[in-house]
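Remarks on the structure that follows.
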Amino acid sequence: MIHCFPRRRPCLKLSHHLPSPRKTHTHAPAPEQELLCIFGTGDLGRSLGQRLLQSGYRVVYGSRRPHSCGPLPLGAQATSHEAAAQSAGVVFICIHRGHYDFLETLAPQLEGKVLVDVSNNLKKNIYPEANAEYLQRLIPGAHVVKAFNTLSAWGLQNGPSDANRQVFLCGNSAEAKQAVAEMSTKLGLTVLDKGSLSAARELEDFPLQLFPEWRLPLRVAVGLTAFFFFYLLIRDIIYAYVVQGKDVSFRIMVSLANKVFPIVSLIMLCLCYLPGVIAAFLQLYRGTKYRRFPDWLDRWMLCRKQLGLIALGFAFLHVLYTLVIPIRYYVRFRIAEHTISQIKENTTSVFDTTTAWRADSYYSMGILGFGLFILLGITSLPSVTNALSWREFSFIQSKLGYLTVFFCTFHTYLYGWSRFLNPSSYKWYTPQAYLLSLVVPSLLIVLKLLLLLPCVDRSLIRIRQGWERNDPEDSSAKALLP
């Protein structure tokens, strides 16, 4: 043992400082990167190629003019369509349907290849069949997969965001879809398989939809705005001109608008919570949670977030219009006129404590309601929602949401105070607009208070936990009891 250590130390030194010739031959050669082909050198084709190169793939472009096809991503090559199709097993078709005809001549080169159709149309129902189905008919020997058509060139180039991370795909070949799915996952995307190629029409219609979830809320907002605008126009502007002979049309721009915005905001806020209350009463009436809601109620409940965000937008407009009231010419003129009139008459106004309480409470309720309204809007953002647990999200959107409705409704009641008792306020026998705006909020609060009654709340909790009023197991158990 004494003579072994001196012999080993030089060996250890050599192993650290001298390269071992045997180890250089033990390293396995690096696997060759997969080659992918892209037909089309437009914005989408270049962005897709750049993304594939960044993910470790090799890319070759097929072009009619390979030597003058414009700038390509660094590391990509360009060649003819025939050569590019022969060199890769997966081919991305990044060209418009109108240029598909030349692909039929490449049928021998594309035999057995996976063709990824990323095309879209300018309008719906332009062609009798989907682009991917047409491509499959042109090249029956290939495996066509519809994918990547819902992604934009900008999203591919700058990396997928939360809203641009999902990839829909469909195709008749399970192996081809699996290959495209693995490729999408490597690009950092989430894959959703929509089934066979017959779903390609649905996928191609996705990018053509313009705010599909916002259509109903926007229609409701436009309808309410138009109704209350013309209602107030008749009561405040036309009535003053016809009956009193006054031209107060200048009030349309600020005063009238600042009445419409809070009314529409309050009603649409209540429309966010009203379907949930209606659903609760339906469950109580049916005695079960397993029966489907009516289609109109389902659609209403699915657009509650959009209704709330539009309501928040109208609330912001109300706040902004309120802030400019002190600097309006009409307001400054009326204050100056009243002051000069008191000076001439040598009179002063008596301080009214009741009016002061009402005004301060009115402003306080409005500020608190608007603050909670903003909190509801912030927590509806996906980035904030993902950071909250379900209990936290439910507490904010439900408990604080109803508190927001209460504050905003109380704010409106304080605004009206005792005006409804004044007969002169019913111009042409029509009620004031704020009274109409209180119908839906008051109904919502009353229905919610009914649901909070212990006997009602207890039954509703049992139903939502799976209990049924006509549960056959409960009936059989009761029958066995003496």
Side-chain angles (χ1 to χ4, degrees), residues 224 228 232 235-236 251 254-274 277 308 311-328 330-332 334-335 338-339 342 348-379 395-426 431-450 452:
L224 288 174
F228 282 103
L232 289 167
R235 291 190 80 259
D236 295 354
R251 293 187 178 182
V254 177
S255 299
L256 193 145
N258 200 29
K259 291 182 179 180
V260 173
F261 294 150
I263 290 174
V264 176
S265 176
L266 179 59
I267 294 177
M268 295 196 68
L269 173 63
C270 295
L271 291 179
C272 297
Y273 294 93
L274 188 58
V277 174
L312 180 58
F314 277 99
F316 264 109
L317 290 175
H318 173 50
V319 171
L320 294 176
Y321 270 70
T322 302
L323 292 176
V324 303
I325 287 178
I327 62 175
R328 292 178 60 201
Y330 169 72
V331 174
R332 290 187 287 111
R334 288 295 301 270
I335 294 175
H338 178 70
T339 303
Q342 286 188 321
T348 57
S349 299
V350 179
F351 183 81
D352 188 355
T353 306
T354 303
T355 303
W357 264 103
R358 181 177 71 87
D360 286 357
S361 302
Y362 163 71
Y363 292 126
S364 178
M365 292 298 103
I367 293 171
L368 291 174
F370 183 65
L372 289 176
F373 214 154
I374 294 177
L375 179 62
L376 295 176
I378 292 175
T379 54
F395 174 79
I396 294 175
Q397 293 294 329
S398 180
K399 302 297 188 298
L400 295 186
Y402 281 106
L403 188 60
T404 305
V405 172
F406 172 76
F407 281 150
C408 294
T409 305
F410 194 29
H411 172 71
T412 308
Y413 272 108
L414 289 172
Y415 167 79
W417 198 244
S418 59
R419 295 183 187 180
F420 68 97
L421 298 175
N422 187 3
S424 62
S425 64
Y426 295 88
Q432 296 187 65
Y434 86 91
L435 290 175
L436 298 180
S437 70
L438 286 171
V439 174
V440 178
S442 302
L443 177 63
L444 174 63
I445 292 175
V446 170
L447 293 177
K448 183 61 179 177
L449 289 176
L450 290 176
L452 292 178

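Scope of the values below: all heavy atoms of this structure, side chains included, with no hydrogens, waters or symmetry mates.
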Apply side chain to side chain contact (heavy atoms under 4.5 Å, CB included) to the pair I335 and V331, showing each step before the final yes or no. CA-CA 6 Å; I335 294 175; V331 174; 4.0 Å; yes
Mind checking what makes side chain to side chain contact (heavy atoms under 4.5 Å, CB included) contact with S424, not counting sequence neighbours? N422
Start with the C-alpha gap between Y413 and Y434, add the side-chain angles, then the distance that decides, and say whether side chain to side chain contact (heavy atoms under 4.5 Å, CB included) holds. CA-CA 8 Å; Y413 272 108; Y434 86 91; 6.0 Å; no
What are the two closest non-hydrogen atoms of C272 and G308, and how far apart are they? SG-N, 3.1 Å
OH (Y402) and SG (C270) are apart, to the nearest 0.5 Å, by 10.0 Å
Taking salt bridge (Lys or Arg N to Asp or Glu O under 4.0 Å) as the definition, give me every residue that meets it alongside R334, ordered by chain and number, with sequence neighbours left out. E337
Pairwise distance OG1(T409) to CG(L266) - rounded to 0.5 angstrom: 5.0 Å
How far apart are the C-alpha atoms of L444 and V277, what are their side-chain angles, what is the distance that settles it, and do they pass the side chain to side chain contact (heavy atoms under 4.5 Å, CB included) test? CA-CA 8 Å; L444 174 63; V277 174; 3.7 Å; yes
Closest approach of V254 to R328 (non-hydrogen atoms, all atoms of both residues): CG1-CD, 3.7 Å
Identify the heavy atoms of P431 and R235 that sit nearest to each other, and give their distance. O-NE, 3.4 Å
Determine whether more than 12 heavy atoms belonging to other residues, nucleotides or ligands lie under 6.0 Å from atom OH of Y363. no
Under 3.5 Å, side chain of T404 to main-chain N/O of G369, donor-acceptor pair present? no
With F373, which residues qualify under ring-ring contact (aromatic ring centres under 6.0 Å, His included), at least two apart? none
Side chain to side chain contact (heavy atoms under 4.5 Å, CB included) partner of L438, chosen from T412, I445, L443: T412
The criterion is side chain to side chain donor-acceptor pair (under 3.5 Å); which residues satisfy it with R419, sequence neighbours excluded? Y415
Distance in Å, I263 CD1 paired with Q432 CD, rounded so as to fall on 0.5 Å steps: 10.0 Å
Any pair with a residue in residues 258-268 that passes salt bridge (charged side-chain N to carboxylate O under 4.0 Å, His left out), sequence neighbours left out, goes on the list, sorted by first then second residue, please. D236-K259
Are the side chain of S364 and the backbone N or O of S361 linked by a donor-acceptor pair below 3.5 Å? no
Identify, with sequence neighbours excluded, every residue that meets side chain to side chain contact (heavy atoms under 4.5 Å, CB included) alongside L450. F281, L447, L453
Approximate separation, where rounding is to 0.5 Å, of L414 CG and R358 CZ: 7.5 Å
What closest approach, in Å, do L312 and G377 show between heavy atoms, and which atom pair accounts for it? CD2-CA, 3.9 Å
Value for OG (S265) from CG (L224), rounded to nearest 0.5 Å, stands at 11.0 Å
Y362: partners by ring-ring contact (aromatic ring centres under 6.0 Å, His included), with sequence neighbours left out: H411
With T379 via side chain to side chain contact (heavy atoms under 4.5 Å, CB included) - residues at least two apart: L375, V384, L388, I396, Q397
Strictly by side chain to side chain donor-acceptor pair (under 3.5 Å), give each pair with a member in residues 312-321 just once, sequence neighbours left out. N258-H318
The criterion is side chain to side chain contact (heavy atoms under 4.5 Å, CB included); which residues satisfy it with S349, sequence neighbours excluded? H338, Q342
Quick one: list whatever passes ring-ring contact (aromatic ring centres under 6.0 Å, His included) with Y330, sequence neighbours left out. F250
Can you sort out the partners of F316 under ring-ring contact (aromatic ring centres under 6.0 Å, His included), two or more places apart, ordered by chain and number? F370
Within this structure, what is the CG-CG distance for the pair L269 and L372, rounded to the nearest 0.5 Å? 10.5 Å
